[in-house]
Amino acid sequence: MRNKRLDILRCVAVVLVIIHHGHVSTFFTRVGWIGVDLFFVLSGFLISGLLYSEYKKRHAINVKKFYIRRGLKIYPAFYVFLLLTGIAGYAVLHTHNTPSRYLHDIFFIMNYEHGVWDHTWTLAVEEHFYIFLPIFLLMLTRFSSNRENPFRIMPWATFAIGALSVIFRAISVYAGAPNFEMAYIGTHERMDALFFGVLLGYFYHFRPSVLEKLMRSSGNRVVIALASAALLSPAYFWSRDNKFFATFGYSSVYLGFGGVLLLSLYLHGLLPKGIARVAELIGSAFAFVGVYSYSIYLWHGPTGAWLPGLVRRIIHFPTRTLGNFAVYFLGSLAIGITMSRLIEYPVLHVRDRLFPQPQIVAVTAEVSDTSNRSK
């Protein structure tokens, strides 16, 4: 069972990144990077949802099993990606990367030391999050006297992590020579986006009445929609190389996407029947892409670097910007979906047989199970 709306958001996130790297549109080149932050908020919400749901059912968190399931989700597809692109680069395209760059990727430190592919830095941030979050939640369960809800500190913890991330980013851009790259890709400077998703997951699983009351009023929904748009807009008006934006702008973006996530979870039945049917068909297509977003994200990098030139040599097309982008965009989807079906999902089927996810309570099943296979 999947949550179609969250798969749609996955699609939006990966398409934003693809268009951003395609350099075909000034607008998307400027703001498409925010798709990464949408991924971060979604990951925080979904991954924490798995752990929250397990605790609600068992009053315990099996950290070992969580790590095994995460590893079987992330590592096979990524290491096959590194292997195949390494072989292709060396044997066909005669590109050479030092062994140290591959080691940086293999051990997920490529957001601090350069790896083979620039776009994979996000995987390092998420991997560090996957390691840290279950340990943090396990500590809360051990030291809290409240067995029913040992995570009550989560709002304060999220605030603390958000404040620390802002401080770290300020140090990067204001202390000495500005390091805008570190402010963008450092785990200690970007963990706040993931933890804001964790906070939303906490309210969704342990304080659902708060969110239901907030989202029940149409006026509140309008305010949240307008506030989300306003919070996302600085990504257009300021570049990532602006000191103020590099310090506070990333906070604004993830807060905006938090509002988008809430609206996607709680808004239903707003469109007239005829329009709703068309929207459902479009949404189904978006959700289909979202199911394969991880592998699409992996493979869009080498696809953009290699595929348009390869196609041009074979059939003398494309020769213009839009043609190059079309080959890159459609190729990223096709190759990503193919590799997902060849590598990612067969491994997940084996994983689910050997290390099944515990059944969770009905109220959270739809959202949490989205993470079960697609994250």
Under 3.5 Å side-chain donor-acceptor pair for S43 and E126: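 Their side chains do contain a donor-acceptor pair, which is all the 3.5 Å distance test asks for.
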Test item: side-chain donor near acceptor, N324 and R312, under 3.5 Å: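 Present: a donor and an acceptor within the cut-off.
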Find out if a path of hydrophobic residues (ILVMFWY) with successive side-chain heavy-atom gaps under 4.5 Å connects [X] to [Y].
X	Y	answer
M191	I153	yes
F39	L123	yes
F325	F317	yes
I68	I135	no
F206	L214	yes

Within-4.5 Å side-chain heavy-atom neighbours: [X] and [Y]:
X	Y	answer
L231	Y254	no
F195	F136	yes
L232	S252	no
Y130	Y67	no
L133	I47	yes
D105	Y79	no
M339	F81	no
L199	P155	yes

On a heavy-atom basis, which atom in [X] and which in [Y] lie closest, and how many Å separate them?
X	Y	value
G197	S48	O-OG, 4.2 Å
W33	A235	CZ2-CB, 3.9 Å
P76	G71	CD-O, 3.3 Å
R101	N97	CD-OD1, 3.8 Å
P346	L342	CG-O, 3.5 Å
M215	I224	SD-CD1, 3.4 Å

Can a donor-acceptor pair be found, under 3.5 Å and without considering hydrogens, that links the side chain of [X] to the backbone of [Y]?
X	Y	answer
R169	E189	yes
Y328	T303	no
S172	M182	no
S233	A230	yes
R5	L265	no
R190	Y184	yes
S144	T141	no
H114	N111	no

Test log, rule side chain to side chain contact (heavy atoms under 4.5 Å, CB included), inputs L255 and F196: CA-CA 8 Å; L255 290 171; F196 189 64; 3.6 Å; yes
Centroid separation under 6.0 Å, is that true for the rings of [Y] and [X]?
X	Y	answer
H300	H119	yes
F151	Y202	no
H188	F168	yes
W121	Y112	no
F248	F244	yes
F245	Y250	yes
W117	W306	yes
Y75	F108	yes
Y292	Y345	yes
H128	F132	no

Lys/Arg N to Asp/Glu carboxylate O, K4 vs D7, below 4.0 Å: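 No salt bridge links K4 with D7.
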Rounded to the nearest 0.5 Å, how far apart are [atom1] of [X] and [atom2] of [Y]?
X	Y	atom1	atom2	result
I335	L298	CD1	CG	12.5 Å
E127	I74	CD	CD1	7.0 Å
I106	F78	CD1	CZ	8.5 Å
I343	L348	CD1	CG	11.5 Å
S209	F203	OG	CZ	10.0 Å
C11	I18	SG	CD1	8.5 Å

Audit row: T122, F40, side chain to side chain contact (heavy atoms under 4.5 Å, CB included) steps and yes/no: CA-CA 9 Å; T122 61; F40 285 166; 4.3 Å; yes
Steps toward side chain to side chain contact (heavy atoms under 4.5 Å, CB included) verdict (N179, V173): CA-CA 5 Å; N179 190 341; V173 299; over 6 Å; no
Residues clustering with L226 (ILVMFWY side chains joined when closer than 4.5 Å, directly or via others):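 Result for L226 is V222.
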Contacts of W238 that satisfy ring-ring contact (aromatic ring centres under 6.0 Å, His included) - sequence neighbours left out: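 For W238, no residue satisfies ring-ring contact (aromatic ring centres under 6.0 Å, His included) once neighbours in sequence are set aside.
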Geometric class of the Y204/F45 ring pair [parallel <30°, tilted 30-60°, perpendicular >60°]: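 Rings of F45 and Y204: perpendicular, over 60°.
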Cation over ring face, R240 and F180, 6.0 Å, 45°: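 Judged by the rule (NZ or CZ under 6.0 Å from the ring centre, within 45° of its axis), R240 is not positioned above F180.
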Candidate pair S332 and Y297, rule side chain to side chain donor-acceptor pair (under 3.5 Å), full reasoning: CA-CA 8 Å; S332 295; Y297 182 83; over 6 Å; no
